[in-house]
Amino acid sequence: MKKLLQFLLLLTANMVLAQNAPLNLIPQPVEIQTLAGAFTLIKTTTIGYSGTEAKPVAEMLAQKLNAPTGYSLIAKQAKAANLLLNLNTKPNDRLGKEGYTLEATTKGVTITANQPAGLFYGVQTLLQLLPKEIESNTLAKASWSIPAVRITDFPRFGWRGLMLDVSRHFFTKAEIKQYIDEMVRYKFNTFHWHLTDDQGWRIEIKSLPKLTEVGAWRAERHGHFGDRADVQAGEKATVGGFYTQDDIREIVKYAAERNVTIVPEIDVPGHSMAALAAYPELSCTDQKVFVDPGTDFSEWYGNGTFKMKVENTLNPSDEKVYEFLDKVFTEVAQLFPNQYIHVGGDECYKGYWKEDAGCQALMKKLGTHHVEDLQGYFMGRLEKMLAAKGKKLLGWDEILEGGISPGATVMSWRGVKGGIEAAQLGHEVVMTPTTFAYLDYTQGDPTVDPPIYARLRCQKSYSFEPVPDGVDAKYILGGQGNLWTEQTPTYRYLEYMTYPRAWALSEVYWSQKKDKNWDSFAKRMEVHFQRSDMAGKNYSKAVYDPIVSTKKDGEKLVLVMASEMPGLDLFYSFDDTMPDDHSAKYASPVTLPEGPITLRVQAYRGGAPIGHLITLKREELEKRVGW
Ligand code: ACM
């Protein structure tokens, strides 16, 4: 009797909890209606699916549930089951290709979609409705309850991507699969794979074996990337790696099973030092170059212009270059079934072209005095080359310079202005501006996080609106976050740089504009921190750190502070004492006294310190005017 009473009490407590608990879903679904009660998974729970197309998704669900619960659930074709994945026989127009409905009652959960992709996203939502222990890769203890709820959900954009640079640092096949596994949990559907750059060529091209025999390997160096010592002739190249064509086919299949399209990038005509290390005859200079181990090979002038001290471009006036590229793109086109091939086009230094007799002759033939037009010519040839292989050209926004090819799709990265211009010219656009979507930028205070040349906080990423005013939304395919890996040498750190900013971007690209709300997101993000802890995944906690900047009031320096996470109190000192919650509490800008002061600031929540102590001397505060 006592046992029964305890059980009933627990059951009621569970029901009340489930009814009142916020759902904490990321990205936020289109419609949520919470209902009374909950369904609890037990070892006899049944998993069913309709139609063989739904089978792989149902099997993935069973597999994901079995590890932490210790159950042996098996997915079976069935008309009824506790967990039912249903493919519509008559499409529900509202749901489109990737949408779903999820109905959880006390009896079970039914996910309905037009296509397997929708079921797959419904399953991701279902997993997020379960307690955080479901994220464990090993047996865990929990009451596996799912709150009763009715959800209708579909994405705002069709292109929801993450880009990963595997040239600056190589990531293994297993790590790429893991990256894909993690991105799909947040309903990303596009993996942009930056496969080639100055620091390594990562894709096997069978007709050009030196690309990976030579181009995939560089001299061993340590220390800050960009400041490393030059390569000496005769030095062994031992650091790197590449994907064989079998690896690539395996990853493409793995991604497709998870509704992820892979967009390969072969970055030309600039960023080609690794290719030139293998085939130096493809440049204007025939200069002997090495795969770059992170040296200081360029000079930047602060306004986006720069000079390459070492040649890293392909020669646009040389037919051999087009023969080379035809071989590369023939194999790339065969490996990747999606319609786009990204050809780079960014940051191409044209100084060596200007000096080159062949390039000058080509300019004369084209009737131009602008060396930039050679890039337009080059991209035009590439667009035709790709079209002949049934593929569409996609490039960074520099492809707008020197004449854009008619069918090209533009990836806007230098802000959104390239995207606006491209859309106004009737081109399709993927939005990925540095200002909101560059995941390599420092996300916390640069005295705590390893500093990079620019900063991007999670809240800023969250505030991104991919459709600029005055642009026809039909041209904006969507957007992505880009992770360049000069300063990301390990998978663990790759996770740290990606999350939580990629969660913020998942909501930018999936959820409805009207439903975006930072305070709501921040609360949900904290629940996903706990879920990530359970899964053993890394992420940054920079959102808990004080944001410190200054402004000038005449000669006086004024301290301005803020925090991303709502509900934090900032306590500070500038008298060389360690601040605690008895120190001055920041409420509004503070005029700092003269003298060699040091600011120390610590965030608190609920009486306990949270995040990092930030310590800044006066001279550093002076440099933060207008941050
Ligand atoms: C880029 O960030 N160079 C596209």
Side-chain angles (χ1 to χ4, degrees), residues 159 161-169 190-202 225-226 263-275 292 294 297-308 310 312-314 340-350 372 375 378-379 382 393-402 404 408-422 427 429-443 452-456 461 464 466 477-488 494 497-498 501-502 505:
W159 187 300
L162 290 179
M163 187 215 80
L164 180 63
D165 162 15
V166 293
S167 173
R168 275 51 178 270
H169 281 100
T190 304
F191 177 59
H192 170 178
W193 208 357
H194 184 80
L195 285 162
T196 73
D197 215 301
D198 300 317
Q199 291 81 4
W201 183 284
R202 306 294 180 208
F225 205 96
V263 176
E265 181 183 352
I266 306 295
D267 197 352
V268 289
H271 286 276
S272 293
M273 210 180 291
D292 180 71
F297 58 42
S298 56
E299 272 171 26
W300 288 82
Y301 305 123
N303 56 355
T305 63
F306 69 106
K307 175 186 167 174
M308 282 299 299
V310 183
N312 74 339
T313 68
L314 304 179
Y340 294 100
I341 293 180
H342 198 309
V343 298
D346 58 321
E347 298 173 323
C348 175
Y349 175 67
K350 303 178 181 79
E372 288 71 28
Q375 173 144 335
F378 177 89
M379 286 295 163
L382 253 51
L393 181 143
L394 168 65
W396 299 110
D397 57 47
E398 286 93 334
I399 65 171
L400 286 158
E401 294 161 10
I404 182 169
T409 301
V410 172
M411 200 167 258
S412 190
W413 73 280
R414 296 175 299 176
V416 294
K417 70 177 184 332
I420 294 172
E421 185 187 335
H427 292 268
V429 171
V430 178
M431 284 294 192
T432 178
T434 54
T435 34
F436 298 96
Y438 264 42
L439 303 178
D440 57 324
Y441 284 10
T442 308
Q443 58 198 313
I452 300 194
Y453 56 95
R455 303 181 309 277
L456 175 62
S461 289
F464 181 40
L477 300 178
Q480 56 183 48
N482 293 342
L483 182 54
W484 304 100
T485 59
E486 284 90 339
Q487 285 182 227
T488 303
L494 175 157
M497 295 305 285
T498 304
R501 288 179 295 187
L505 290 175

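In listed order, ligands and their atoms are each counted from 1.
Atom CD in Q480 sits 11.0 Å away from atom CG in L164 (nearest 0.5 Å). With rounding to the nearest 0.5 angstrom, the CH2 atom of W159 is 10.5 Å from the OG1 atom of T432.
The ligand atoms of ligand 1 that sit less than 4.0 angstrom from a heavy atom of Y438 are 1 (C), 2 (O), 4 (C). Every atom of ligand 1 is numbered from 1 in the order shown, and the set under 4.0 Å from a heavy atom of W484 is 1 (C), 2 (O), 4 (C). Numbered from 1 in the order shown, with element, the atoms of ligand 1 that lie under 4.0 Å from a heavy atom of E347 read 3 (N).
Taking any N or O of D346, backbone or side chain, at least one lies under 3.5 Å from an N or O belonging to ligand 1.
Between H192 and W396, the ring centre distance stays below 6.0 Å.
The aromatic rings of H194 and W484 sit perpendicular to each other, their planes meeting at more than 60°, with 30° as the lower class boundary.
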